[in-house]
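In the text below, chain A, chain B and the rest are named by the order of the sequence lines, each starting its count at 1. All values reported here derive from a predicted model rather than from experimental measurement.
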Number of protein chains: 2
Amino acid sequence: MTESGARLDHLVSVLKGRGYRLTPQRKAVLQILAASDGHLSVEQIYARVKKDFPMTSLATVYKTVTLLKEMGEVLELGFSDGGNRYDGRKPYPHPHLICIRCRKIIDPEVTALSHLPQEVASSTGYRIVNHRLDFFGICPECQAAENQAGNNSAGQAARRNSIRRW
Amino acid sequence: MTESGARLDHLVSVLKGRGYRLTPQRKAVLQILAASDGHLSVEQIYARVKKDFPMTSLATVYKTVTLLKEMGEVLELGFSDGGNRYDGRKPYPHPHLICIRCRKIIDPEVTALSHLPQEVASSTGYRIVNHRLDFFGICPECQAAENQAGNNSAGQAARRNSIRRW
DNA sequence: TATTAACGGATAATGATTATCTGTTACGAT
DNA sequence: ATCGTAACAGATAATCATTATCCGTTAATA
């Protein structure tokens, strides 16, 4: 049994265990979420589903993803400027590293964060139910591309204007 | 000189230093951002600006806030489900604690995070330019309200359905 | 295989944000 | 002080990811 196969079985059993139907369209979405290495957009899921089920509607992808999110089996990475991403393999909070140029997202290893929610809870009295840690940066590939673009005015001006003091 | 007065002076000098005009509408937005304890929505800023300048347009508030954000003088807290918030007093990354019931946002004290960006940068090769840490929970007031609502079905069913394994 | 609530497809609606257009104004130069 | 002008403000249309709605279809159970 592959890892994605086990994950798919789990998603199917959770769905059925809660009395939801397993339709071909849903199964296709589950397969994609279980097989992907995470961080898919709805449009990406939609495009892949349509390879097997060309009649599938975008609304169905939204509905299935939302259903899985509400069951706690998919992690939604929402962004205010559109293009939310969905992780069907690690549906629990974990840090993300996002390239602001190509929008690639990876999961960096970050040490010793598990105590933070408890720390915040006891210092504030809030009941913590979720958290999120995102790092934004430029991936090595896009750094190389920027250096290629190189010594022309546009890139340098843009870089000069992005002053950061942290 | 009050703290918000100093902050306002700083915002004004940055604006003028970059050659932008200081209009009454902009000054009103700057004052509000400098005086508020952070985390204002555009609608909140808009409502306060209109007390002094009733003719002010919502678009102007958006434009001013975006301008300050691009200058690095305002921190934008974007949320995928709308209602972004703006912090004009601490425009650098810092943790936030968000009540998922009443949408109140506070700045919790969280220890020893400053090394994380560097850690992620060196382990991944990304150039880190920003980061964000949000905790989501229920504030003490909303917890009390939930307990008041108490032993009726709706609240309990909702709580039963929000299964969390982390 | 029949029943039926749940579901899928198509598309309209939503709503925060952005773009566009036009008349006005802050501000350095005169 | 006034002028000239690019920058600005107001009004509102456009955008676009997401959600809601409606109706025909179907998975799951008996």
Side-chain angles (χ1 to χ4, degrees), chain A residues 11-32 39-71 74-86 103 105, chain B residues 11-32 39-71 74-86 103 105:
Chain A
L11 294 177
V12 169
S13 69
V14 169
L15 212 59
K16 304 207 77 168
R18 299 214 189 177
Y20 292 104
R21 286 192 198 161
L22 186 62
T23 63
Q25 296 89 338
R26 275 186 183 164
K27 193 169 183 181
V29 172
L30 298 194
Q31 279 175 340
I32 290 159
H39 322 120
L40 292 170
S41 69
V42 168
E43 286 293 342
Q44 285 175 316
I45 298 170
Y46 180 51
R48 296 189 195 183
V49 170
K50 288 222 288 190
K51 289 178 183 171
D52 292 330
F53 296 91
M55 291 298 293
T56 303
S57 158
L58 182 58
T60 296
V61 177
Y62 271 104
K63 285 185 248 190
T64 302
V65 162
T66 300
L67 181 62
L68 291 168
K69 178 184 67 175
E70 286 168 355
M71 298 193 314
V74 156
L75 179 69
E76 180 182 61
L77 287 179
F79 296 98
S80 60
D81 48 355
N84 294 357
R85 304 293 198 89
Y86 296 88
R103 288 273 170 178
I105 301 180
Chain B
L11 294 178
V12 169
S13 70
V14 170
L15 211 60
K16 303 208 77 168
R18 299 212 190 179
Y20 292 103
R21 287 192 198 162
L22 185 61
T23 63
Q25 296 88 340
R26 274 185 184 164
K27 193 168 184 182
V29 171
L30 298 195
Q31 279 174 342
I32 289 159
H39 322 120
L40 292 171
S41 68
V42 168
E43 286 293 342
Q44 286 174 317
I45 298 169
Y46 181 50
R48 297 189 193 183
V49 170
K50 287 222 288 192
K51 288 178 184 171
D52 292 329
F53 296 90
M55 291 298 295
T56 303
S57 158
L58 183 59
T60 296
V61 178
Y62 272 105
K63 283 185 258 193
T64 303
V65 162
T66 299
L67 180 63
L68 291 168
K69 177 183 70 175
E70 286 168 355
M71 298 192 315
V74 157
L75 179 69
E76 180 182 62
L77 288 179
F79 295 98
S80 60
D81 48 356
N84 293 357
R85 304 293 198 90
Y86 297 87
R103 288 274 171 178
I105 300 179

Drop me the distance from B:R26's CZ to B:T60's OG1, to the nearest 0.5 angstrom.
9.0 Å
Between A:Q25 (CD) and D:dT26 (P), how many Å, whole number?
9 Å
note: B:Q44, atom CD; C:dA16, atom P; distance rounded to Å ~ 13 Å
Could you state the interatomic distance from CZ (A:F53) to CD (A:Q25), rounded to the nearest 0.5 Å?
6.5 Å
Given that B:R21 and B:A59 both sit by DNA chain D, which one's nearest nucleotide is further toward the 5' end?
B:R21
Terminal axes of the helix from C:dT1-D:dA30 to C:dT30-D:dA1 (5 end pairs apiece), angle rounded to 10 degrees, sit apart by 40°
Using a cut-off of less than 4.0 Å, is there contact between a side-chain N or O of A:N84 and OP1 or OP2 of D:dT18?
yes
Any side-chain N or O of A:Y62 below 4.0 angstrom from OP1/OP2 of D:dT18?
yes
I need the OH-C1' distance between A:Y20 and C:dG8, as an integer number of Å.
16 Å
Show the nearest heavy-atom pair for residues A:I105 and A:H39, with the distance to one decimal.
O-ND1, 3.2 Å
Applying a 4.0 Å non-hydrogen cut-off, can you work out what A:G83 is touching in the nucleic acid: base, sugar-phosphate, or nothing?
sugar-phosphate
With rounding to the nearest 0.5 angstrom, report the CG to OG1 distance, B:L11 to B:T64.
11.5 Å
Determine the contact category for B:K27: base if any of its heavy atoms lies under 4.0 Å from a base atom, sugar-phosphate if only primed atoms, P, OP1 or OP2 are that close, otherwise nothing.
nothing
Of A:K63 and A:S80, the one whose closest nucleotide on DNA chain C sits nearer the 5' end is A:K63
Among C:dA10, C:dT17, D:dA27, the one nearest A:T23 by side-chain distance
D:dA27
Under 4.0 Å, heavy atoms only, any strand: does B:P54 hit a base, just the sugar-phosphate, or nothing?
nothing
What is the separation between atom OH on A:Y46 and atom C1' on C:dG8, rounded to the nearest whole Å?
12 Å
Sugar-phosphate, base or nothing in reach of B:T56, heavy atoms under 4.0 Å:
sugar-phosphate
Atom NZ of B:K16 and atom P of D:dA7 are separated, to the nearest Å, by 15 Å
Can you check the A:M55 CE to C:dG9 P distance for me, whole Å?
7 Å
Rounded to whole angstrom units, what separation is found between the CZ atom of B:F53 and the C1' atom of C:dA26?
14 Å
Mind checking the CG-CG spacing from B:N84 to A:D81? Nearest 0.5 Å is all I need.
9.0 Å
Measure the distance from CG on B:L58 to C1' on D:dG10 and round it to the nearest whole Å.
11 Å
Of the listed nucleotides D:dA9, D:dG10, C:dA6, the one nearest the side chain of B:S57
D:dG10
Name the nucleic acid region contacted by A:D81, choosing base, sugar-phosphate or nothing; use a 4.0 angstrom heavy-atom cut-off, strictly under.
nothing
Taking the side chain of B:T60 as its heavy atoms from C-beta onward, which of D:dT21, D:dG10, C:dC7 lies nearest to it?
D:dG10
Heavy-atom pair of closest approach, residues A:R18 and A:M71:
NH2-O, 3.8 Å
Is B:K27 paired with B:D52 through a side-chain N to carboxylate O contact shorter than 4.0 Å?
no
Could you go through residues 42-50 of chain B and list every donor-acceptor pair under 3.5 Å that involves a side-chain atom there, pairing it with any protein atom two or more places apart or in another chain?
residue, atom, partner, partner atom, Å
B:Q44, OE1, B:S41, N, 2.8
B:Q44, OE1, B:S41, OG, 3.4
B:Y46, OH, B:K50, NZ, 3.2

